[in-house]
A.B. asks: 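If you scroll down you'll find the structure; I have some questions about it.
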Amino acid sequence: FLQNCKTCGYTMSLRLKKNYNNNKFDTVELIPSANNYGKPSKKKPTKRALPTFQEEPKAGDVETAIAMGTTNDNNDTTFDGDTSLPTHSKRNITSNGDDDIDNNRSNEDLDDEDDDEHHHQSQTKFGTFDGVLGRCLLCMWGVIMFLRTGWIVGNAGVWQATLVMALSASITMFTTLSLSAICTNGEISHGGPYFLISRSLGPNLGGVIGLLFAVGNCVGVGLHLVGFAEAIVSLYHPSTIFWGLDIQLIAEIGLLFLMLIAMRGVGSIIKFNLFLLFLMFVSIIAFFIGTFIWTSAKRDVGFTGYSSKTFADNWGPSYLPNNNFLTMVAIFFPSVTGCMAGANISGDLKKPSVNIPVGTISAVIFSMIVYIIIAWMLGACVVRELIDPTTGEYIDNSGLYHNYVIMSDISLWRPLVDMGIYASTFSSATSCFVAAPRIFKAVCDDGLFPIFSFFAVGRKSDNEPVRCYVLVVIICGLIMISGDINFIAPMVTNFFLITYALVNYSVFAWDISKSPGWRPSF
């Protein structure tokens, strides 16, 4: 073979980069192959799906040249003859050593340009707490916790409400474990779940799931903003002012304000969310303390204090018309969809393979414990409904059935919980609002849908997906016209259940394939 190669008039150099990190060698495709991922939006990537000789780690930190014949003055291996050799990567086949060195340098420049094009550039990187744990808690402690937990307990009873929460949490936990396995299998770029699925199952499933997940986050923005508006209307303007469109109008104003914050970059949103997380902790503590204090005002909304009789009455289910167990699951499940809030900004994390598993699992466990405690406390101290003894009809805005803001009414100091409601709903909206444009832009960056190539262009200064932001605003504005949480929540559930199923299936497919590229460290 060497004799035949020496008859070639080419020079072949196989160079390894200095100081290569041996711990980061993997077979995950960081940049999709043009042949596998359709027509690119800008230019064809130069990297292969499998690692090249330049990417393969070797012992030692010195630059190495693989000698397969004679060596010239530049330490490049040369071959003589006219036999053509197949090339499968950025190995440089030139006629002399000088051209080979120039080509190596030009290919390194191409690598840098390629990385700049396909990776979201951000000056600030976030860790486990601020980038993952905090974002996940903000999404999970959202509109459902403050405005629908009491209503779910009133319908499903304490034990079935606990079952609803445990079932939803188990789905989320399985998905979190699968997500952690994929995250520790290789390096992660921007795009969150889309990146993970498309590099595991391929672009045919990854592209579809990327679009579904982006739309699901858009619907999630509408859900949380409608909850934000409903809280304001319920607390301060029970009677309509704008011809029955009070909730819609407030939600649309909140969406525009959210757009202005997002335009400043993801760093501004992360800092803003940490402040909101502090407010939520304060409001939850105020609710816990308030359940031990009895007042006449609380009695008028159905508060009895901790009572074994109240707990026994609320233990079993008693569904209102047109509601059942699956309805409760559909309405509660969006509260646990925040488990991917950290993965959605994977390109902005310091070490995604560490930050995502640790932060996400901690958030799921802690948030579900808080949910179950709240459900049991409400079931033990608030009746389902108050009946007027003179008319025999229920009293409006009282009890678990008819008072969506019951947590505010029985808290230590109502304004504290009101702040928590505003913080939770608005922070969850910001998390979804940040996730949807980034996931959609990642799909557009890969050129899977050429019709959407217009949205693959980010802002020049920081690559923020401004065009995708505008699209999200339009979709959310249309969704919020309904102004009904119970209508929007099942839509969010369907979108996220599909995404979670595909994440779990991708891990299952990798595991049974026994692929050498599947080496999760989780």
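In this text, all values refer to a predicted model and were calculated from it rather than measured experimentally.
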A.B. asks: For the side chain of Ser335 and the backbone of Gly142, is there at least one donor-acceptor N/O pair under 3.5 Å apart?
C.D. replies: no
A.B. asks: Before giving the answer on side chain to side chain contact (heavy atoms under 4.5 Å, CB included), spell out for Met407 and Ile374 the whole-Å C-alpha distance, their side-chain angles and the decisive distance to 0.1 Å.
C.D. replies: CA-CA 9 Å; Met407 289 182 63; Ile374 291 175; 4.1 Å; yes
A.B. asks: Looking at Phe433 versus Tyr469, is the centre-to-centre ring distance below 6.0 Å?
C.D. replies: yes
A.B. asks: Might you point out which heavy atoms bring Ala363 and Met140 nearest each other, and give the distance in Å?
C.D. replies: O-SD, 3.8 Å
A.B. asks: Between the main-chain N or O of Phe455 and the side-chain N or O of Arg467, is there a donor-acceptor pair closer than 3.5 Å?
C.D. replies: no
A.B. asks: Measuring only between side-chain heavy atoms, which start at C-beta, is Leu225 closer than 4.5 Å to Phe426?
C.D. replies: yes
A.B. asks: Are any side-chain N or O atoms of Asp313 and backbone N or O atoms of Thr310, one a donor and one an acceptor, separated by less than 3.5 Å?
C.D. replies: no
A.B. asks: Any side-chain to backbone donor/acceptor pair from Asp418 onto Ser408? Under 3.5 Å, distance only.
C.D. replies: no
A.B. asks: Once rounded to the nearest 0.5 Å, what's the spacing between atom CE of Met173 and atom CD1 of Ile365?
C.D. replies: 4.5 Å
A.B. asks: For the backbone of Gly206 and the side chain of Ser198, can you confirm whether one donor and one acceptor N or O come within less than 3.5 Å of each other?
C.D. replies: no
A.B. asks: Counting C-beta onward and ignoring hydrogens, is there a side-chain heavy-atom pair between Leu471 and Phe454 closer than 4.5 Å?
C.D. replies: no
A.B. asks: For the residue pair Trp141 and Phe281, does the interplanar ring angle fall in the parallel (under 30°), tilted (30 to 60°) or perpendicular (over 60°) class?
C.D. replies: perpendicular
A.B. asks: Supply the atom-to-atom distance Ile372 CD1 to Thr149 OG1, rounded to the nearest 0.5 angstrom.
C.D. replies: 11.5 Å
A.B. asks: Measure from the side-chain N and O atoms of Ser428 to the backbone N and O of Thr425, and report whether any donor-acceptor pair falls under 3.5 Å.
C.D. replies: no
A.B. asks: Would you call Met145 and Ser424 a side-chain contact if the rule is heavy atoms closer than 4.5 Å?
C.D. replies: no
A.B. asks: Less than 4.5 Å apart, any side-chain heavy atom of Asn217 and any of Val221?
C.D. replies: no
A.B. asks: Do the non-hydrogen side-chain atoms of Leu400 and Val383 ever get within less than 4.5 Å of each other?
C.D. replies: no
A.B. asks: Minimum heavy-atom separation for Ser411 and Val417, please, with both atom names.
C.D. replies: CB-CG2, 3.2 Å
A.B. asks: Take Arg148 and Tyr404, measure what side chain to side chain contact (heavy atoms under 4.5 Å, CB included) needs, and give me the verdict at the end.
C.D. replies: CA-CA 6 Å; Arg148 289 296 182 274; Tyr404 287 150; 3.3 Å; yes
A.B. asks: To the nearest 0.5 Å, how far apart are CG in Asp445 and OG in Ser453?
C.D. replies: 11.0 Å
A.B. asks: Quick one: pull up CD1 in Ile250 and CG in Leu245 and give me the separation to the nearest 0.5 Å.
C.D. replies: 11.0 Å
A.B. asks: Evaluate side chain to side chain contact (heavy atoms under 4.5 Å, CB included) for Val382 paired with Thr304, printing each intermediate quantity in order.
C.D. replies: CA-CA 6 Å; Val382 182; Thr304 63; over 6 Å; no
A.B. asks: Between Cys476 and Leu255, which heavy-atom pair has the shortest distance, and what is it?
C.D. replies: CB-CD2, 3.9 Å
A.B. asks: Taking only residues two or more places apart in sequence or in another chain, which ones pass side chain to side chain donor-acceptor pair (under 3.5 Å) with Ser168?
C.D. replies: none
A.B. asks: Taking atom CG of Leu260 as the centre, report whether more than 12 heavy atoms of other residues, nucleotides or ligands fall under 6.0 Å from it.
C.D. replies: yes
A.B. asks: Is there a side-chain contact between Val301 and Asn397, using heavy atoms and a 4.5 Å cut-off?
C.D. replies: no
A.B. asks: Are Phe440 and Phe452 close enough that their ring centres sit under 6.0 Å apart?
C.D. replies: yes
A.B. asks: How about Val282 and Met419: do any of their side-chain heavy atoms sit closer than 4.5 Å?
C.D. replies: no
A.B. asks: Would you find a donor on one side and an acceptor on the other, under 3.5 Å apart, between the side chain of Asn323 and the backbone of Pro321?
C.D. replies: yes
A.B. asks: Side chains of Thr327 and Asn324: donor-acceptor distance under 3.5 Å anywhere?
C.D. replies: yes
A.B. asks: What are the two closest non-hydrogen atoms of Gly131 and Leu349, and how far apart are they?
C.D. replies: CA-CD2, 4.0 Å
A.B. asks: Is a side-chain N or O of Arg459 found less than 3.5 angstrom from the main chain of Glu464, in a donor-acceptor match?
C.D. replies: no
A.B. asks: Backbone N or O of Phe174 within a donor-acceptor pair of the Tyr500 side chain at under 3.5 Å?
C.D. replies: no
A.B. asks: List the steps and the verdict of side chain to side chain contact (heavy atoms under 4.5 Å, CB included) for Phe303 and Cys381.
C.D. replies: CA-CA 6 Å; Phe303 180 75; Cys381 65; 3.6 Å; yes
A.B. asks: Answer yes or no: is there an ion pair linking Arg414 with Asp409, defined by an N-O contact shorter than 4.0 Å?
C.D. replies: yes
A.B. asks: At what distance, to the nearest 0.5 angstrom, does CD1 of Ile182 lie from CG of Asn504?
C.D. replies: 8.5 Å
A.B. asks: Check the pair Phe496, Phe333 against ring-ring contact (aromatic ring centres under 6.0 Å, His included), reporting the backbone distance first and the verdict last.
C.D. replies: CA-CA 9 Å; Phe496 279 91; Phe333 189 79; 7.7 Å; no
A.B. asks: Please give me the minimum heavy-atom distance between Gln248 and Ser482, naming the atom from each residue.
C.D. replies: NE2-O, 3.8 Å
A.B. asks: Donor-acceptor check, side chain of Lys298 to backbone of Ile410, threshold 3.5 angstrom: yes or no?
C.D. replies: yes
A.B. asks: With ring-ring contact (aromatic ring centres under 6.0 Å, His included) as the test, would you mind laying out the steps for Phe146 and Phe287 before giving the verdict?
C.D. replies: CA-CA 10 Å; Phe146 287 101; Phe287 164 74; 8.5 Å; no
A.B. asks: Can you find a heavy atom in the side chain of Asn463 that is under 4.5 Å from one in the side chain of Lys441?
C.D. replies: yes
A.B. asks: So how far is it from Leu448 CG to Leu211 CG, rounded to the nearest 0.5 Å?
C.D. replies: 8.5 Å
A.B. asks: Hey, do the aromatic rings of Tyr394 and Tyr401 have their centres closer than 6.0 Å?
C.D. replies: no
A.B. asks: Return the minimal non-hydrogen interatomic distance between Gly227 and Ile485, and the atom names on each side.
C.D. replies: CA-CD1, 3.5 Å
A.B. asks: Please report, to 0.1 Å, the donor-acceptor pairs under 3.5 Å made by any side chain of residues 156-165, with sequence neighbours excluded.
C.D. replies:
{"unit_1": "Gln160", "atom_1": "OE1", "unit_2": "Tyr319", "atom_2": "OH", "d": "2.4"}
{"unit_1": "Thr162", "atom_1": "OG1", "unit_2": "Val158", "atom_2": "O", "d": "2.8"}
{"unit_1": "Thr162", "atom_1": "OG1", "unit_2": "Trp376", "atom_2": "NE1", "d": "2.9"}

